[in-house]
Amino acid sequence: MNPTPPLLRAQLRCHPATPCGVALAVSVEARVHADGLRLRYTLRGDTSALRIPAPAAPLPTDGLWRHTCMEAFVAVDGEAAYREFNFSPSSEWAAYRFSSERQRDEVAEARDPALLRPPLAHATARSLTLTARVATTALPRGPTLLRLGLCAVIEERNGQLSYWALHHPREQPDFHHPDGRALRLAAPLP
């Protein structure tokens with residue numbers, strides 16, 4: 001019998017250069033299973049003051065970071081290559097591969113819907129919960145640890161964006177910086 005993988009819980013912090021005008025608490029839960037990575041983002045506060053994308057077809061879509069979306073940056077510990085996953089409350093998603101910091105590998109883009117299940121979101125006036133799953137086949141390959149940068153872009157009704165992450169390594173928001181991948185989880189077994 002396989003033991004249940006550990007569940008990691010963490011609070012995201014708003015970057016000081018992009019203060020949020022709405023009192024929010026943003027948290028994330030992460031767990032690696034044999035079938036991939038499972039993430040659950042929760043926003044608590046006056047979510048009625050936010051722009052939350054309306055439901056849409058669950059398709060790969062670029063530019064999700066321009067509005068409220070949750071993100072995950074995943075690398076094998078010690079490797080420069082990484083993957084970026086974007087999840088919109090609309091159920092749209094995006095997956096990108098990078099050979100090194102901000103060097104996108106367009107040839108190997110992951111556009112296959114089988115790699116990601118569409119994110120599921122539930123919103124009320126006081127909370128937004130988004131659950132996302134990334135298949136093992138979409139994660140970087142490696143026998144050891146995965147390094148994760150878990151983040152969120154939050155859009156207020158006035159269009160102002162704030163950037164939230166586990167760790168902000170620079171004076172300006174930069175989710176691609178390797179030092180932002182501060183959470184370590186055991187890689188799923190093949």
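Here the structure is a predicted model, which means the values were calculated and not measured.
Cluster membership for Leu37 and Leu64, using ILVMFWY side-chain heavy atoms within less than 4.5 angstrom, is not shared. In this structure, Val74 is a member of the same hydrophobic cluster as Val28, with clusters built from ILVMFWY side-chain heavy atoms closer than 4.5 Å. When hydrophobic clusters are built by joining Ile, Leu, Val, Met, Phe, Trp and Tyr residues whose side-chain heavy atoms come closer than 4.5 Å, directly or via intermediates, Val76 is grouped together with Leu166.
Annotation for Ala138 and Phe85: closest pair O-CZ, 3.5 Å, computed over non-hydrogen atoms. Pairing each heavy atom of Leu50 with each of Val22, the nearest pair is CD2-CG2, 4.1 Å. Counting all heavy atoms, side chain and backbone alike, Leu150 lies closest to Ala72 at CD2-CB, 3.8 Å. Here the shortest heavy-atom pairing between Thr136 and Ala34 reads OG1-O, 2.8 Å. The two atoms that bring His168 and Phe175 nearest to each other are CE1-CE2, 4.4 Å, heavy atoms only. Heavy atoms only, all atoms of each residue included: Ala75 and Ala81 are closest at CB-O, 3.5 Å.
For Gln11, the CD atom counts as densely surrounded, since its 6.0 Å shell holds more than 12 non-hydrogen atoms of other residues, nucleotides or ligands. Around atom CZ of Arg184, more than 12 heavy atoms belonging to other residues, nucleotides or ligands sit under 6.0 Å away. Counting heavy-atom neighbours within 6.0 Å of Arg38 CZ, excluding the residue itself, gives a total above 12.
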* Tell me, with the steps shown, if Trp164 and Leu24 meet side chain to side chain contact (heavy atoms under 4.5 Å, CB included). => CA-CA 11 Å; Trp164 300 69; Leu24 290 177; 4.1 Å; yes
* To do: Evaluate the criterion side chain to side chain contact (heavy atoms under 4.5 Å, CB included) for residue pair Arg126 and Asp46; output intermediate values, then yes/no.
  => CA-CA 5 Å; Arg126 301 296 306 159; Asp46 185 8; 3.7 Å; yes
* To do: List the steps and the verdict of side chain to side chain donor-acceptor pair (under 3.5 Å) for Asp62 and Tyr96.
  => CA-CA 10 Å; Asp62 287 324; Tyr96 307 101; 2.4 Å; yes
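Here the OG1-CG distance, from Thr18 to Leu161, works out to 8.5 Å after rounding to the nearest 0.5 Å. A distance of 14.0 Å separates SG of Cys69 from CH2 of Trp93, quoted to the nearest 0.5 Å. To the nearest 0.5 angstrom, His15 atom NE2 is 11.5 Å from Cys151 atom SG. Note that CG of Leu146 and CG of Leu183 are 9.5 Å apart. Values are rounded to the nearest 0.5 Å. With rounding to the nearest 0.5 angstrom, the CG atom of Leu39 is 12.0 Å from the CD atom of Glu71. Remark: Glu156 CD to Thr68 OG1 distance equals 9.0 Å, nearest 0.5 Å.
Looking at Tyr163, its side chain never comes within 3.5 Å of a backbone N or O of Ile154 through a donor-acceptor pair. Formation of a donor-acceptor pair under 3.5 Å by the Thr47 side chain with backbone atoms of Thr124 is found in this model. Judged by distance alone, the side chain of Tyr82 and the main-chain N or O of Arg102 form a donor-acceptor pair under 3.5 Å. When atom types are taken as modelled, the side chain of Ser91 and the backbone of Ala56 share a donor-acceptor pair closer than 3.5 angstrom. A donor-acceptor contact shorter than 3.5 Å is absent between the side chain of Arg44 and the backbone of Ser127. In this structure a side-chain-to-backbone donor-acceptor pair under 3.5 Å is present from Thr61 to Leu59. Between the side chain of Ser100 and the main chain of Gln103, no donor-acceptor pair closer than 3.5 Å is present. Looking at His167, its side chain never comes within 3.5 Å of a backbone N or O of Arg181 through a donor-acceptor pair. Checked by atom type and distance alone, the side chain of His33 never pairs as donor or acceptor with a backbone atom of Asp35 at under 3.5 Å.
Every residue was checked against the salt bridge (charged side-chain N to carboxylate O under 4.0 Å, His left out) condition with Arg83, not counting sequence neighbours, and none meets it. Qualifying side chain to side chain donor-acceptor pair (under 3.5 Å) partners for Ser90, counting only residues two or more places apart in sequence or in other chains: Ser88, Glu92.
Side-chain contact between Pro119 and Tyr41: absent, with no pair of heavy atoms (C-beta onward) separated by less than 4.5 Å. A 4.5 Å side-chain heavy-atom check between Leu148 and Leu185 finds at least one atom pair inside the cut-off. Inter-residue side-chain proximity for Leu130 and Arg40 is flagged as unmet; no heavy-atom pair is nearer than 4.5 Å. Side-chain contact between Thr42 and Leu128: absent, with no pair of heavy atoms (C-beta onward) separated by less than 4.5 Å.
Just one of His67, Gln160, Glu155 meets the side chain to side chain donor-acceptor pair (under 3.5 Å) condition when paired with Arg51; it is Glu155.
In this structure, the ring of His176 has its center less than 6.0 angstrom from the ring center of Phe98.
Using a 4.0 Å cut-off between a side-chain N of Lys or Arg and a carboxylate O of Asp or Glu, Arg170 and Glu101 qualify as a salt bridge.
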